[in-house]
S.K.: 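Have a look at the structure that comes next, please.
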Amino acid sequence: MSYQTPDSKKEEFRKYLEKAGVIDQLTRVLVGLYEEPEKPSNAVDFIKKYLGAPTGIDVDALKAENETLKEKNRELQARLEDLSRQFEQLKAEHDEADR
């Protein structure tokens with residue numbers, strides 16, 4: 001059983017962040033915020049925008065819209081299957097009438 005001291009856990013985590021490029025990216029964004037001539041009123045939004053994350057998006061509204069669209073898709077799929085059956089039936093009746 002290996003036991004890690006809190007300091008070794010912190011060091012391991014720091015190495016992980018460094019290897020993943022997180023430290024470099026955070027440094028860049030903080031330098032960008034520091035160098036900004038007019039400091040933004042919302043630093044978190046600035047950081048999100050700097051990192052490329054969308055801001056001002058209502059996730060719950062998007063989830064609700066997604067569920068609505070999924071339900072509409074199911075309805076349209078069922079309608080398509082129904083119309084396809086009707087088409088095949090009419091086609092068969094038409095082919096029989098031509099004979």
Side-chain angles (χ1 to χ4, degrees):
M1 182 168 148
S2 71
Y3 175 75
Q4 290 185 318
T5 65
D7 287 339
S8 65
K9 282 185 175 182
K10 287 179 186 176
E11 181 63 22
E12 185 179 317
F13 186 66
R14 188 195 64 75
K15 286 180 181 178
Y16 160 74
L17 292 176
E18 188 172 349
K19 184 178 179 181
V22 174
I23 292 175
D24 289 338
Q25 193 64 29
L26 287 174
T27 302
R28 279 191 217 105
V29 73
L30 292 174
V31 167
L33 181 58
Y34 175 78
E35 292 176 346
E36 193 68 24
E38 291 187 30
K39 302 299 180 230
S41 60
N42 189 334
V44 173
D45 281 346
F46 173 87
I47 291 169
K48 286 179 181 178
K49 188 181 291 183
Y50 194 96
L51 293 174
T55 57
I57 293 179
D58 185 355
V59 174
D60 290 331
L62 287 176
K63 286 180 180 178
E65 180 184 13
N66 188 34
E67 287 304 313
T68 301
L69 292 172
K70 284 180 181 178
E71 179 60 30
K72 183 70 173 173
N73 188 39
R74 285 188 287 272
E75 291 170 6
L76 290 171
Q77 288 288 351
R79 179 82 173 129
L80 176 63
E81 290 172 13
D82 183 48
L83 290 172
S84 293
R85 278 193 298 276
Q86 288 179 25
F87 173 76
E88 290 301 324
Q89 184 180 10
L90 289 172
K91 184 179 172 188
E93 289 173 7
H94 183 269
D95 288 348
E96 277 190 30
D98 283 347
R99 291 184 188 174

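Numbers here simply count residues along the sequence, with the first being 1. What you see is a predicted model; the values in this text were computed from it and never measured.
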S.K.: Which is it for Glu67 and Lys63 under the salt bridge (charged side-chain N to carboxylate O under 4.0 Å, His left out) test, yes or no, and what are the steps along the way?
M.R.: CA-CA 6 Å; Glu67 287 304 313; Lys63 286 180 180 178; over 6 Å; no

S.K.: Between atom CZ of Arg14 and atom CG of Asp7, what is the distance when rounded to the nearest 0.5 Å?
M.R.: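 Atom-to-atom, Arg14:CZ and Asp7:CG are 12.5 Å apart.
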
S.K.: Counting neighbours of NZ on Lys39 that are heavy atoms of other residues, nucleotides or ligands and sit closer than 6.0 Å, is the number greater than 12?
M.R.: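 Enclosed.
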
S.K.: I'd like to know if the side chain of Arg74 pairs up with that of Gln77 as donor and acceptor (distance under 3.5 Å, no hydrogens or angles considered).
M.R.: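 There is no such pair (donor and acceptor under 3.5 Å, judged by atom type) between the side chains of Arg74 and Gln77.
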
S.K.: Nearest 0.5 Å please: distance from the NZ atom of Lys48 over to the CG atom of Asn42.
M.R.: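 Output value for this atom pair is 8.0 Å.
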
S.K.: Below 4.0 angstrom, N of the basic side chain to O of the carboxylate: do Glu12 and Lys9 qualify?
M.R.: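 Not counted as a salt bridge, because no side-chain N and carboxylate O are separated by less than 4.0 Å.
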
S.K.: What is the distance from atom CG of Leu83 to atom CZ of Arg79, rounded to the nearest 0.5 Å?
M.R.: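 So the CG of Leu83 and the CZ of Arg79 are separated by 4.0 Å.
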
S.K.: How long is the gap from CD on Glu35 to CZ on Arg28, to the nearest 0.5 Å?
M.R.: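 Answer for the CD-CZ pair, Glu35 versus Arg28, is 13.0 Å.
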
S.K.: Given Glu88 and Arg85, is the salt bridge (charged side-chain N to carboxylate O under 4.0 Å, His left out) satisfied, shown in steps?
M.R.: CA-CA 5 Å; Glu88 290 301 324; Arg85 278 193 298 276; over 6 Å; no

S.K.: Quick one: pull up CG in Leu30 and OH in Tyr50 and give me the separation to the nearest 0.5 Å.
M.R.: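 Those atoms lie 9.5 Å apart.
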
S.K.: More than 12 non-hydrogen atoms from neighbouring residues, nucleotides or ligands closer than 6.0 Å to CD on Glu75, yes or no?
M.R.: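 Yes.
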
S.K.: Leu26 and side-chain contact (heavy atoms from CB on, under 4.5 Å): which single residue from Ile23, Asp24, Val22 fits?
M.R.: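 Of Ile23, Asp24, Val22, side-chain contact (heavy atoms from CB on, under 4.5 Å) with Leu26 is met by Val22 alone.
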
S.K.: Sub-3.5 Å donor-acceptor pair from the side chain of Lys15 to the main-chain atoms of Lys10, do we have one?
M.R.: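 Not a single qualifying donor-acceptor pair exists.
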
S.K.: What is the minimum heavy-atom distance between Val29 and Phe46, and which atoms define it?
M.R.: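 Distance-wise, the nearest heavy atoms are O-CE2, 4.1 Å.
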
S.K.: Hey, what do you get for CD1 (Ile47) to CD (Gln25), rounding to the nearest 0.5 Å?
M.R.: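 These two atoms lie 11.5 Å from each other.
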
